[in-house]
Amino acid sequence: MATEFLLNGAKTRFDGDAETPLLWVLRDHLHLTGTKYGCGIAQCGACTVHLDGKNRRSCVTPVAMVAGRSVTTIEGSRGKVADAVKAAWVAIDVPQCGFCQSGQVMSAIGLLAAKPRPSDDDIDQAMAGNICRCASYVRIRQAIKDAAGKISA
């Protein structure tokens, strides 16, 4: 049975096992490799996408769960909030190795879409599930604050 959903605004169909994790559908079948595999148990955040506008770990999300819904990956993230976050990331050179950054960016976009003026505690809570092995957390926090300033301006 096929699973149909919107992916980055386009109708998409997956003709495979409905229990296949969304991450593998994105990477292996649809060739969108911006979403990364980190841990496979929803603990690191590298695989974060938006499901109906909310942050979701794609490594533990069966593709059946997205049927009839909207999925946005790093490749499809657009708009005022996404643009502000991406620009802030580049402006202060957040990534070191860059592996976790698509998940970090997607989580930051989700945070700022829900709370355009987050407190430090809001940032800590929203980003707590995203692990950066290079420990660029200080720059990540600053980029989120910088993006929030651009959105609110």
Side-chain angles (χ1 to χ4, degrees), residues 5-10 12 20-67 69-153:
F5 59 101
L6 284 179
L7 177 61
N8 298 330
T12 303
T20 304
L22 177 60
L23 174 64
W24 301 120
V25 172
L26 295 172
R27 291 184 59 80
D28 294 348
H29 298 278
L30 301 174
H31 309 291
L32 293 175
T33 57
T35 305
K36 304 298 184 199
Y37 172 79
C39 68
I41 56 172
Q43 297 298 304
C44 74
C47 68
T48 303
V49 297
H50 292 164
L51 179 59
D52 295 333
K54 305 283 186 216
N55 292 347
R56 181 75 189 182
R57 303 295 199 255
S58 63
C59 71
V60 295
T61 303
V63 71
M65 183 181 279
V66 305
R69 299 173 76 183
S70 177
V71 174
T72 305
T73 66
I74 190 75
E75 293 92 344
S77 62
R78 290 177 179 73
K80 184 177 183 177
V81 173
D83 293 346
V85 169
K86 290 177 190 179
W89 244 250
V90 170
I92 63 171
D93 199 21
V94 170
Q96 287 184 27
C97 81
F99 188 82
C100 70
Q101 294 305 307
S102 63
Q104 299 278 1
V105 167
M106 293 302 287
S107 291
I109 292 167
L111 165 63
L112 293 177
K115 282 195 169 188
R117 296 184 149 213
S119 66
D120 285 348
D121 191 49
D122 294 331
I123 295 170
D124 290 346
Q125 288 180 18
M127 302 303 289
N130 290 79
I131 297 171
C132 176
R133 289 163 183 89
C134 299
S136 63
Y137 298 112
V138 172
R139 289 194 310 270
I140 290 168
R141 176 192 294 273
Q142 188 59 54
I144 292 169
K145 288 180 175 185
D146 292 353
K150 298 266 195 255
I151 294 165
S152 300

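Just so it is clear, the values below take in all heavy atoms, side chains as well, and ignore hydrogens, waters and symmetry mates.
The shortest non-hydrogen separation linking Ala108 to Val85 is CB-CG1, 4.0 Å. Pairing each heavy atom of Met127 with each of Ile140, the nearest pair is CE-CG2, 4.0 Å. Between Gly40 and Val60, the shortest heavy-atom distance links the atoms O-CG1, 3.8 Å. Between Gly110 and Asn55, the shortest heavy-atom distance links the atoms CA-OD1, 3.6 Å. Closest approach of Ser102 to Gly34, counting heavy atoms only: OG-O, 2.6 Å. Taking each heavy atom of Phe5 and Leu30 in turn, the nearest pair found is CZ-CD1, 4.3 Å.
Under the 4.5 Å side-chain criterion, counting only non-hydrogen atoms from C-beta, Leu7 is in contact with Leu26. Here the side chains of Arg133 and Cys97 are not in contact, with every heavy-atom distance at 4.5 Å or above.
Residues that satisfy the side chain to side chain contact (heavy atoms under 4.5 Å, CB included) test with Leu6, not counting sequence neighbours, are Lys11, Ser70. Residues satisfying the side chain to side chain donor-acceptor pair (under 3.5 Å) test with Lys150, not counting sequence neighbours, are none. Looking at residues two or more places apart in sequence or on another chain, you find a side chain to side chain donor-acceptor pair (under 3.5 Å) between Thr61 and Arg56. A search for side chain to side chain contact (heavy atoms under 4.5 Å, CB included) contacts involving Ala113 returns nothing, not counting sequence neighbours. Residues forming a side chain to side chain donor-acceptor pair (under 3.5 Å) with Gln101 (at least two apart in sequence, or on another chain): Trp89. In this structure, the side chain to side chain contact (heavy atoms under 4.5 Å, CB included) partners of Ala46, at least two apart in sequence or on a different chain, are Lys36, Cys44, Phe99. Remark: Gln43 pairs with Cys39, Ile41 by the side chain to side chain contact (heavy atoms under 4.5 Å, CB included) rule, at least two apart or across chains.
Counting only distance, with no hydrogens or angles, the side chain of Gln142 and the backbone of Ile92 share no donor-acceptor pair below 3.5 Å. Between the side chain of Thr48 and the backbone N or O of Gly45, at least one donor-acceptor pair lies under 3.5 Å.
For residues 43-53, the pairs satisfying salt bridge (charged side-chain N to carboxylate O under 4.0 Å, His left out) are Asp52-Arg69, with sequence neighbours left out. The salt bridge (charged side-chain N to carboxylate O under 4.0 Å, His left out) contacts involving residues 134-149 comprise Asp120-Arg141, Asp120-Lys145, Asp124-Arg141, where partners must be two or more places apart or lie in separate chains. Residue pairs satisfying the salt bridge (charged side-chain N to carboxylate O under 4.0 Å, His left out) criterion with at least one member in residues 79-92, sequence neighbours excluded, are absent. Screening residues 100-117 for salt bridge (charged side-chain N to carboxylate O under 4.0 Å, His left out), with sequence neighbours left out, gives Lys115-Asp122. Each ring-ring contact (aromatic ring centres under 6.0 Å, His included) pair with one or both residues in residues 35-54, not counting sequence neighbours, appears once here: Trp24-Tyr37.
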Run the side chain to side chain contact (heavy atoms under 4.5 Å, CB included) check on Leu22 and Val71 step by step: do they pass?
CA-CA 10 Å; Leu22 177 60; Val71 174; 4.1 Å; yes
Could you walk me through whether Thr35 and Arg27 pass side chain to side chain donor-acceptor pair (under 3.5 Å), step by step?
CA-CA 7 Å; Thr35 305; Arg27 291 184 59 80; over 6 Å; no
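Rounding to the nearest 0.5 angstrom, the gap separating the CG atom in Asn130 from the SG atom in Cys100 is 7.5 Å. Summarising the geometry, atom CG belonging to Asn8 is positioned 6.5 Å from atom CG belonging to Leu32; distances are rounded to the nearest 0.5 Å. The distance from the SG atom of Cys59 to the CG atom of Leu23 is 6.5 Å, given to the nearest 0.5 Å. Remark: Met106 CE to Ser58 OG distance equals 9.5 Å, nearest 0.5 Å. Interatomic distance, NE2 of His29 versus OG1 of Thr20, reported as 6.0 Å (0.5 Å rounding). Taking CZ from Arg57 and CG from Leu51, the interatomic distance works out to 13.0 Å, rounded to the nearest 0.5 Å.
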